[in-house]
Amino acid sequence: MGQLSQQDCFEFVQDVRTTCHQLNNFLTILQCQHDYLSGLSSGEIESELAGVLRDLVPPIESATSDVLELSKKCRDFLEEQKHE
C-alpha cells in the first residue's frame, strides 16, 4: 500500500475534529436535558421523562453513528500506517 498523502492525513484530522464537535453538541443537549429535569419536581419528572427520552433518540443515534464511522476511519488509517 502506498504512503498516505498529506491530503489523506488532513482529511482524517478533519473527520476527527468534526466528530468531536458533533459529540460535544450531543453532550451539550444531554446536559441541557439534565438541567431541565433537575429543575422539576419528582411528579413533573415522571410526566416529562418520556418526552425527554424520546427527544434524545435522534441525537443518540447520530452520535453512535458518528463514533462508529470515526472508529472505522481510525482502523483504516492505522492499517495504512502499519503497511508503510
Side-chain angles (χ1 to χ4, degrees):
M1 298 206 148
Q3 185 177 2
L4 287 171
S5 70
Q6 188 173 8
Q7 182 66 29
D8 291 336
C9 292
F10 177 78
E11 288 174 7
F12 176 73
V13 169
Q14 287 300 102
D15 288 340
V16 170
R17 184 172 185 249
T18 299
T19 301
C20 288
H21 282 294
Q22 291 166 333
L23 289 174
N24 188 51
N25 290 342
F26 167 69
L27 292 173
T28 299
I29 291 168
L30 199 57
Q31 181 65 47
C32 289
Q33 293 292 13
H34 173 268
D35 292 346
Y36 169 71
L37 288 173
S38 68
L40 300 176
S41 69
S42 58
E44 291 172 317
I45 289 175
E46 289 179 20
S47 65
E48 293 291 321
L49 189 56
V52 167
L53 292 175
R54 192 171 28 257
D55 291 345
L56 286 175
V57 169
I60 289 170
E61 289 175 345
S62 178
T64 302
S65 175
D66 294 342
V67 170
L68 181 60
E69 184 64 29
L70 183 59
S71 173
K72 290 175 185 175
K73 288 177 182 178
C74 287
R75 187 173 34 248
D76 292 346
F77 185 83
L78 291 172
E79 283 296 316
E80 287 286 327
Q81 292 296 307
K82 189 166 68 170
H83 293 296
E84 287 187 10

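All values below come from the heavy atoms of this structure, side chains included, with hydrogens, waters and symmetry mates left out. Heads up: numbering here begins at 1 and tracks the sequence.
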Ignoring hydrogens and geometry, is there a side-chain-to-backbone donor-acceptor pair from [X] to [Y] under 3.5 Å?
{"X": "Thr19", "Y": "Val16", "value": "no"}
{"X": "Ser71", "Y": "Val67", "value": "no"}
{"X": "Thr28", "Y": "Asn24", "value": "yes"}
{"X": "Ser38", "Y": "Asp35", "value": "yes"}

For the [atom1] atom of [X] and the [atom2] atom of [Y], what is their distance to the nearest 0.5 Å?
{"X": "Arg17", "Y": "Leu70", "atom1": "CZ", "atom2": "CG", "answer": "14.0 Å"}
{"X": "Ser5", "Y": "Glu80", "atom1": "OG", "atom2": "CD", "answer": "10.0 Å"}
{"X": "Asp66", "Y": "Cys20", "atom1": "CG", "atom2": "SG", "answer": "10.5 Å"}
{"X": "Leu53", "Y": "Leu37", "atom1": "CG", "atom2": "CG", "answer": "8.0 Å"}

Quiz item: According to a 4.5 Å side-chain heavy-atom criterion applied to Ile, Leu, Val, Met, Phe, Trp and Tyr, with indirect links allowed, do Leu56 and Leu27 form part of one hydrophobic cluster?
Solution: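 Per the 4.5 Å side-chain linkage, Leu56 and Leu27 are co-clustered.
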Exercise. Consider only side-chain heavy atoms of I, L, V, M, F, W and Y, link residues closer than 4.5 Å, and tell whether Leu30 and Leu23 are in one cluster.
Key: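 Looking at the clustering, Leu23 is in a separate group from Leu30.
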Quiz item: Looking at side-chain heavy atoms only, is the closest gap between His34 and Gln31 below 4.5 Å?
Solution: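 Yes, at least one pair of side-chain atoms sits under 4.5 Å.
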Quiz prompt | Side-chain heavy-atom pair Phe77, Cys9 within 4.5 angstrom cut-off | solution =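 Heavy-atom side-chain distance check passes, below 4.5 Å.
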Quiz item: Between Lys72 and Arg75, is a side chain to side chain contact (heavy atoms under 4.5 Å, CB included) present by the stated rule, with each step listed?
Solution: CA-CA 5 Å; Lys72 290 175 185 175; Arg75 187 173 34 248; 3.5 Å; yes
Quiz item: If you draw a 6.0 Å radius around CD in Glu46, do more than 12 non-hydrogen atoms from other residues or ligands fall strictly inside?
Solution: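 No, not enclosed.
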Exercise. Examine the side chains of Asp15 and Thr18 and answer whether a donor and an acceptor come within less than 3.5 Å of each other.
Key: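 Side chains of Asp15 and Thr18: no pair found under 3.5 Å.
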Quiz item: Between Glu48 and Tyr36, which heavy-atom pair has the shortest distance, and what is it?
Solution: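 Heavy atoms of Glu48 and Tyr36 come nearest at OE1-OH, 2.9 Å.
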